[in-house]
Each structure stands twice: as C-alpha cells, then as structure tokens.
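Chain A is the first sequence line, chain B the second, and so forth, proteins listed ahead of strands; every chain is numbered from 1. Remember, predicted model here, so these are calculated numbers, not experimental data.
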Protein chains: 2
Amino acid sequence: MNNWTTRTPLSEAQEDYLKQILLLGSGGNETGRLEDTLAVSTQSLAEQMQVRPASVTGMLKKLAELGLVVHEAYRGVRLTEAGYKVALEVLRHHRLIECYLHQALGYGWEEVHAEAEKLEHHISEAFEARIAEWLGHPSHDPHGDAIPSATLELPQSNPSCRLSGLERGAFGLVVRVATQDQDALNLLAHLGLRPGASVQLLEHLREGSRIQVGQERYLLPTALAQVLWIEEGGPRG
Amino acid sequence: MNNWTTRTPLSEAQEDYLKQILLLGSGGNETGRLEDTLAVSTQSLAEQMQVRPASVTGMLKKLAELGLVVHEAYRGVRLTEAGYKVALEVLRHHRLIECYLHQALGYGWEEVHAEAEKLEHHISEAFEARIAEWLGHPSHDPHGDAIPSATLELPQSNPSCRLSGLERGAFGLVVRVATQDQDALNLLAHLGLRPGASVQLLEHLREGSRIQVGQERYLLPTALAQVLWIEEGGPRG
DNA sequence: GATTATTTTTAGGTATAACTAAATCTTTGT
DNA sequence: ACAAAGATTTAGTTATACCTAAAAATAATC
C-alpha cells in the first residue's frame, strides 16, 4: 500500500475501474459518503467492464497496491479515501463534460454520454474549472445525475423513487434517467421522457407500467421504468 | 501496404508521428499540397518526438505497412495521400481546439497549445463539427497557423516573411508565431508580440533584432525573431 | 578509398491489460 | 455435515505498443 499521496497518473482503465466501483457500490444512489457504499463483487465489475473476472482480480491487485482500494479476497472491493477521491474526480469530469456538450454545443441530452466517456480522462484541471465556470457550477448533469463540486462534495438531492415504484394514479417529475445504454436513452428521448418531464402512472402490469406523458400513453417495460427516477408532485406544473 | 481504406483507429503516437512528418516536411510553411513537402529524416523526427532514431525507424515501418507513409531506407520518409489526410485531420483538430479554447473558454493564446495537444486525439468528428460551427469556421488559429477546412483544404495565406528577414525601418503586422516552446510563447505574449500586433524593425545586430512594439523597444534574440512571421505594411493600422 | 555521420537492423526490455485453465474458496441446498 | 454449484484467485500466456543499446549497413565527404 502506497501512502505517499503521489500522483502517478492513472491509466484510463484504472480510472474506469474506480468509477465503476463507486457506481456499483452506490447502487445508483450516490450519497457523497464513502461509508454508505457497499463492497463490490468481482463478478459485477467484470460484467460492467466487459471483462473476465480473472482480469478484474488482476486490476484490483494493482489498485490495492496503489492504495486506492481495499480488496478482501472473496468479499469484494471497496474504495479507500484516496480511491474515492479519484472516482469522484472522474465522475465530476464526466458529468461536467456532459453538461457542457449539452448546453454549450447543443448536443442532445441522450447523445452526451459517449463523448464524455472518452473526454473525461483527457481534460486538465484548468479545462474542468473553465467549463464549470461557464456553466455556472451546475449541480446536476443532463441525465439528472449529481455533479461532485470542485471540493468533491455531492449536492443534496430531493427524495425520489423509481417510476416502477410509483403508486397508481400518482403524478411526478422525471428527475433522473439512470442508464447508459444508448438504445434505451434514444427510446426514452423519443418519448419525451427526459429530466424535467411530467408523467402520470396509470397502472402497473406484468409487462411493465402504463404511463401518460403529455397527451400520449405508453406501456413502458419494467426494465425502463426502473431507470426513471421520479419526484412525486401534483399534476403538470 | 494496406490499400483497404479501413480505419483501424490509429494510436496517439502514430497520429503524432504523421503530424510531425507533415510539419517537418513543410518546413513550417504548409501549402496544402503533398507534392510540396520534403522527405523527412529519421534524425529530425527523433529529435522532434524525443525518442531514439531506432524507435523512429520502428514506427515508420509500422506506418509504411499501414500505407500511410513511404519510407525509402536511408533517404527519409514522406506521407502518402492517405497519411497526408490523417495528418491534416489531426492538424485540423489541434488548431480548431486551440481556437475554441481561446475564444469560447478564455484561454490565453499562448496557453492553448498544451491542452490541444492532448485533446486532438480524443474528440469525435461530431465534436469537431460543432466547435467549427460555433467558431464560424475560422481559417487560422490563435498562433496564426492555417486551419485545414472540413474537406482538408488549407486556406491561402498572404505573403509574409520572418521578422529576422525584415528590412531596416520596415513596418509590419505579426501574422504568425511559429513555435510551440512554452517559454518562448510566454515571453512573446508578455511583450505583446501576438498575431495582429504591429511592429517596426529598427536594426539588425549580431545578438538579435532591435524592434519597436507600441511604445516599447526590445532587442529580440534571433532565435525568437525567426519564429515571428510578418506581413509587411505601413505603420500601425 | 577511407573516414565519418547517419540510418537501419537486431535483439531485447518495459508496461499495460487482457485472456485461459486449473486450483481454491464460499455458499447453498439437502 | 457434506456435496455440488458458483465465485474467486493463481499462474501462466498472449497481445499491443512503445522503447533502447549495440552492431551492421549505407551514404556522404574529403
């Protein structure tokens, strides 16, 4: 374990592992506190990174040597404070870039992920600072994900629940679209199910949830209903 | 030699080699025509890329296999049409990014090079198109270097000469600052010797050239006087 | 034609990050 | 409690990309 806070620049793969450990450990709900994250299994990381479990073990070993994770064999991996910081930094880059592409360059909110995924590893702190400034230090990205501040604090979010967990007849506002699947994003964008959209839940069925968005009614498969996070509230603001 | 126009994505290093072959082969004066470029020596490439000549030979072999350069042993290397296209594409990315950092994000013209150097390899064609549009399809970057168009044509430049070649008493406009050395850029920026600045040449001395910029007079070392390209013209526009 | 400088070849090194196969550990079901 | 199933680790391999030093080959110059 290396304690010297030295910044041997991490590889792209290493940064991605740390980011995924944070995301998986948060169960999609980052609280901003390392203590609230769970240990992540080798398996789930392997799936997420599209790699064999053995490859994950290898990488975790390296990250553990760097003092960025604690890996208890057979029990999963957790970030250390240092690793958590790096992961938040990467997340900040990613989400700021998404914001910037959307607001400054006119990308659709469903298009920004792929470009941000590449760029997040290659921008300087100066660049980060400049776009954050230009954007007015936003708290959330175009998908509704919270953006860590320059000091790596996460902003508070209002209570919300998955669309699939909404009660019959309830109204609400989409506050977050929690998927990175490009096809899912395209579909949701086409239906107008973007952050800020107003929806009503009509009924839950075995195949999915029947909902109303504007004048249109859709039967949304459960897989998709689970990625939409809703803030409950009266009909159409 | 691979003729299939396939786009096996090139590595960062490969793109950098191609770019440097173009820059060195143009002697700092790109005409936009491959025929006007000279063969580049292994040595000069090695210096530019900060590696040993043997490494250059190795890389040239690989690039030749990809059909991007023609390497005549012991006689130097030239770009093929395909390699020339790639090099221009990289140059376009680099210079557009420099413009964008300067105009959209407020970077100083002397600061943009380093950031662009990293980003040029990691932006998509969509990103390139969007920033080109935002900028209004500029023809030159903040250093005065010509930007290849979307179709990879280089814009015509007005005739110009090095400050070191100017005649005694002549007036002119800085149109290009042809160095990537950060310290040189900083120094020139501090003296106000940026593209667009008006200068008069007072006299040439052994140590350099005495010049006047605004109210100030400087003795500019020859090494620096050679990177400043001047368009001759009457005193202060 | 010999000397010098440059270039290429050869052989080998480093680093990253992936993989497979086999061994080992943990969990689960009976 | 134990066996089977599943997950994880170990060990050894592969592939890529890049680099180097030293020896051999070539070109240029006197």
Self-check item: Per A:M59 side chain, nearest of listed nucleotides D:dT20, C:dA17, D:dT8
Solution: C:dA17
Practice problem: Please tell me which of the listed nucleotides, C:dT9, C:dT16, D:dA17, lies nearest to the side chain of A:S11? | Solution: C:dT16
Exercise. Could you check which of D:dA7, C:dT8, D:dT9 has an atom nearest any side-chain atom of A:T57?
Key: D:dT9
Quiz item: The side chain of B:T42 lies closest to which of these nucleotides: C:dT7, D:dT8, D:dC19?
Solution: C:dT7
Self-check item: Distance in angstrom units between A:Q14 CD and C:dT16 C1', rounded
Solution: 9 Å
Quiz item: Between A:P53 and A:T42, which heavy-atom pair has the shortest distance, and what is it?
Solution: O-CG2, 3.5 Å
Quiz item: Once the angle between the rings of A:F127 and A:Y100 is folded into 0 to 90°, is it parallel (under 30°), tilted (30 to 60°) or perpendicular (over 60°)?
Solution: perpendicular
Practice problem: Send over the distance from A:E47 CD to D:dG6 C1', rounded to a whole Å. | Solution: 13 Å
Quiz item: Taking atom C1' of C:dT9 as reference, at what distance in whole Å does atom CZ of B:R52 sit?
Solution: 17 Å
Practice problem: Can you establish whether the number of heavy atoms outside A:Q182 located under 6.0 Å from its atom CD is more than 12? | Solution: yes
Quiz item: In whole angstroms, how far is the P atom of D:dC19 from the OH atom of B:Y17?
Solution: 4 Å
Quiz item: Roughly how many Å is it from NE2 in A:H71 to P in D:dT9, rounded to a whole number?
Solution: 4 Å
Quiz item: To the nearest Å, how far apart are B:Q43 CD and C:dT7 P?
Solution: 5 Å
Self-check item: Nearest-angstrom distance from the residue atom NZ of B:K61 to P of C:dT7
Solution: 17 Å
Quiz item: Is the closest side-chain donor-acceptor distance between B:H204 and B:E167 under 3.5 Å?
Solution: no
Practice problem: Consider the side chain of A:A13, meaning its heavy atoms from C-beta on, and name the nucleotide among C:dA18, C:dT20, D:dA21 that approaches it most closely. | Solution: C:dA18
Exercise. Check A:C99 against A:P142 and note the closest heavy-atom contact, atom names and distance.
Key: N-CD, 3.6 Å
Practice problem: Please report the shortest heavy-atom distance between A:E120 and A:D16, naming the atom on each side. | Solution: OE2-OD1, 3.6 Å
Practice problem: Indicate for each nucleotide in nucleotides 22-30 of chain D, in 5' to 3' sequence, whether protein heavy atoms under 4.0 Å reach the base (B), only the sugar-phosphate (S), or nothing (-). | Solution: ---BSS---
Exercise. Identify, between B:G76 and A:P53, the residue whose nearest nucleotide on DNA chain C lies closer to the 5' end.
Key: B:G76
Self-check item: A:S55 vs C:dC19: side-chain N/O to OP1/OP2 distance below 4.0 Å
Solution: yes
Practice problem: Grab the CD-C1' distance between A:E12 and C:dA18 for me, whole Å please. | Solution: 15 Å
Practice problem: For A:D141 and A:H102, test the side chains for any donor-to-acceptor distance below 3.5 angstrom and give the result as yes or no. | Solution: no
